[in-house]
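Atoms within a ligand are numbered from 1 in the order they appear, just like the ligands themselves.
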Amino acid sequence: MNLPQTHRTLLLTSRDQPPTITQQPTPQPTPGSITLRVLASGVVSYSSDVFTGRRPYPFPTPLIPGVSCIARVAATGPDTTSLKPNDLVFLDPTIHARDNPAYAMLIGLHAGYNDVSPQLMEGEWRNGTWAEYVRVPLENVCKLNEGRLLGELGYTVEQLDLISALVVPYGGLDDIGLKAGETIVIAPATGNFGGAAVTVALAMGARVVAMGRDAAKLEKLRERDPGRIQTVAVSGDVKKDTEAIKAAYGGEVDAYFDISPPQATQSTHFKSCIMALRHSGRVSLMGGVYGDVGLPLAWIMHNNITVRGTWMFTREQRERFVKMLEGGLLQLKDWEVKRFALEEWKEAWEFAEREGGTGKMAVFCP
Ligand SMILES: NC(=O)c1ccc[n+]([C@@H]2O[C@H](COP(=O)([O-])OP(=O)(O)OC[C@H]3O[C@@H](n4cnc5c(N)ncnc54)[C@H](OP(=O)(O)O)[C@@H]3O)[C@@H](O)[C@H]2O)c1
């Protein structure tokens with residue numbers, strides 16, 4: 001496929017300046033990479049904080065922001081073997097150094113949590129998906145069964161970008177081996193990724209105790225599946241909340257999934273969720289909490305609790321998650337996806353911040 005000489009992008013020149021629409025040279029595929037035509041690219045709820053510097057994520061400027069996306073293959077490289085032009089694909093945004101996968105960064109968002117991965121984002125993999133085209137490593141591209149997803153299951157391309165939100169908690173839930181029939185407490189459940197975790201845990205066959213501060217949002221969440229979602233509002237009283245979590249189904253709580261934002265460092269829910277677990281319970285920590293959180297260490301030790309941290313998801317997990325979606329196991333009818341043009345970046349960021357956690361997601365359709 002012939003690529004145009006230039007393409008439209010949303011370019012961030014500095015954290016102090018608003019992004020602007022600019023024409024940039026269209027990225028060409030090289031050995032080991034592929035160029036995608038972006039169809040729908042999600043907007044995380046904290047975009048405005050990140051791209052204005054209020055949340056100090058490391059990334060170089062100028063930058064085309066934008067993380068995972070649904071796209072079509074626009075041009076293949078000399079070593080592409082299986083992907084073909086026009087294939088419908090999901091872009092996995094976590095780029096690992098090929099000579100040491102422990103060094104990782106997120107395309108269009110975050111240069112990574114070490115001294116080495118920023119070099120990947122400084123050069124080769126700088127630009128993200130808020131653009132017509134993006135060049136990405138071959139191994140980050142996951143082919144989707146278009147006939148099944150758009151045809152038989154009737155999803156729209158924009159709805160498919162919910163994969164971006166849903167596959168993240170799948171990484172943590174899979175890492176702690178969540179099983180069908182188990183009970184899991186998810187906190188906070190009223191955010192974008194928290195709500196996604198509820199959807200995924202249900203699809204994996206678990207019962208959910210959804211925890212959060214906002215009773216109205218919790219009730220809206222419970223209405224998605226009143227038989228398998230119970231809610232507990234954070235009261236600030238650790239003992240009371242621990243008992244409420246245990247009482248939700250009157251049985252054992254097997255696991256706890258956490259996806260807290262930085263603001264939640266002082267929240268009491270960490271302790272009450274852990275102490276509600278049964279003996280040998282498991283904890284998945286996926287929240288972006290940078291402060292130190294006090295944990296009941298002796299209690300964790302005496303109760304053989306496993307605590308597991310997860311950043312994003314593995315290639316195997318993303319393939320398994322897509323099979324779940326193609327198998328029709330995910331219930332997406334409660335989610336609403338709103339389209340935005342790149343010019344509407346401000347409205348999209350505001351929508352994502354305001355509506356995150358209410359089952360609504362913003363996507364750019366460049
Ligand atoms: N590990 C990973 O791979 C990974 C990937 C993506 C994101 N994350 C992390 O996940 C975090 C959450 O993302 P999100 O998109 O779900 O955020 P979000 O939509 O902004 O939701 C934030 C959630 O945190 C709750 N909250 C806010 N302030 C709180 C406080 N002081 N105490 C207790 N709860 C509080 C909110 O509850 P209310 O409804 O009561 O306001 C809401 O449920 C992000 O900040 C990011 O760092 C991690």
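- For atom 5 (C) of ligand 1, the closest non-hydrogen atom on the protein side is V168 CG1, 3.5 Å.
- R55 counts as a contact of ligand 1, since one of its heavy atoms falls under 4.0 Å from the ligand.
- For atom 21 (O) of ligand 1, the nearest non-hydrogen atom of the protein is G191 CA, 3.2 Å.
- The nearest heavy-atom contact from the protein to atom 7 (C) of ligand 1 is Y46 OH, 3.1 Å.
- Heavy-atom separations between T310 and ligand 1 include at least one value shorter than 4.0 Å.
- Salt-bridge formation is not detected for the pair E252/K246: no Lys NZ or Arg NE/NH1/NH2 atom is positioned less than 4.0 Å from an Asp or Glu carboxylate oxygen.
- Distances below 4.0 Å separate heavy atoms of P262 from the following atoms of ligand 1: 45 (O).
- Among M211, K217, R213, Q263, the residue whose heavy atom sits closest to atom 35 (C) of ligand 1 is R213.
- Counting only heavy atoms from C-beta outward, the side chains of I107 and V134 approach each other to under 4.5 Å.
- With ligand atoms numbered from 1 in the order given, ligand 1 contributes 2 (C), 3 (O), 5 (C) to contacts under 4.0 Å with heavy atoms of M312.
- F364 does not carry R339 over the face of its six-membered ring by the limits of under 6.0 Å from the centre and within 45° of the normal.
- Under the 6.0 Å cut-off for aromatic ring centres, F340 and F351 qualify, their centroids lying closer than that.
- Using a 4.0 Å cut-off between charged nitrogen and carboxylate oxygen, R72 and E146 count as a salt-bridge pair.
- Around atom 39 (O) of ligand 1, the closest heavy atom drawn from T94, T190, L106 belongs to T190.
- Both tests do not hold together for R55 against Y290: distance to the six-membered ring centre under 6.0 Å, angle to the ring axis within 45°.
- Here R228 pairs with D225 in a salt bridge; the nearest charged N to carboxylate O distance falls below 4.0 Å.
- Considering Y57, W130, Y46 as possible partners of F51, the one that fulfils the ring pair (Phe, Tyr, Trp, His ring centres under 6.0 Å) test is W130.
- Residue, atom and distance of the protein heavy atom nearest to atom 17 (O) of ligand 1 are S45 OG, 3.4 Å.
- Protein heavy atom nearest atom 19 (O) of ligand 1, with residue, atom name and distance: N192 N, 2.8 Å.
- Per-residue contacts place M286 under 4.0 angstrom from the following atoms of ligand 1 (heavy atoms of the residue considered): 1 (N), 2 (C), 3 (O), 4 (C), 8 (N), 9 (C), 48 (C).
- Below 4.0 Å from some heavy atom of F193 lie the following atoms of ligand 1, by number and element: 6 (C), 7 (C), 13 (O), 14 (P), 15 (O), 16 (O).
- In this structure, S260 counts as a contact residue of ligand 1, since one of its heavy atoms falls inside 4.0 Å of the ligand.
- The shortest N or O to N or O distance between G287 and ligand 1 is not below 3.5 Å.
- Using a 4.0 Å cutoff on heavy atoms, A196 does not count as a contact of ligand 1.
- Atoms of ligand 1 lying under 4.0 Å from at least one heavy atom of I259, given by number and element, are 8 (N), 10 (O), 11 (C), 12 (C), 48 (C).
- Atoms of ligand 1 found under 4.0 Å from any heavy atom of P188 (numbered from 1 in listed order, with element): 23 (C), 24 (O), 25 (C), 43 (O).
- Looking at H269 next to ligand 1, no N or O pair under 3.5 Å apart turns up.
- Looking only at side-chain heavy atoms (C-beta outward), L3 and P29 come within less than 4.5 Å of each other.
- Taking 4.0 Å as the cut-off between side-chain N and carboxylate O, D254 and R278 count as a salt-bridged pair.
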side-chain contact (heavy atoms from CB on, under 4.5 Å) between I184 and L178, intermediate numbers included:
CA-CA 8 Å; I184 185 161; L178 184 67; 4.1 Å; yes
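- Nearest protein heavy-atom contact of atom 9 (C) of ligand 1 is G288 N, 3.6 Å.
- Contact check on E355 versus K338 returns no salt bridge, with no Lys/Arg side-chain nitrogen under 4.0 Å from an Asp/Glu carboxylate oxygen.
- Using a cutoff of 4.0 Å between basic side-chain nitrogens and carboxylate oxygens, E122 and R126 are scored as salt-bridged.
- Looking only at protein heavy atoms, the nearest one to atom 22 (C) of ligand 1 is P261 CG, 3.9 Å.
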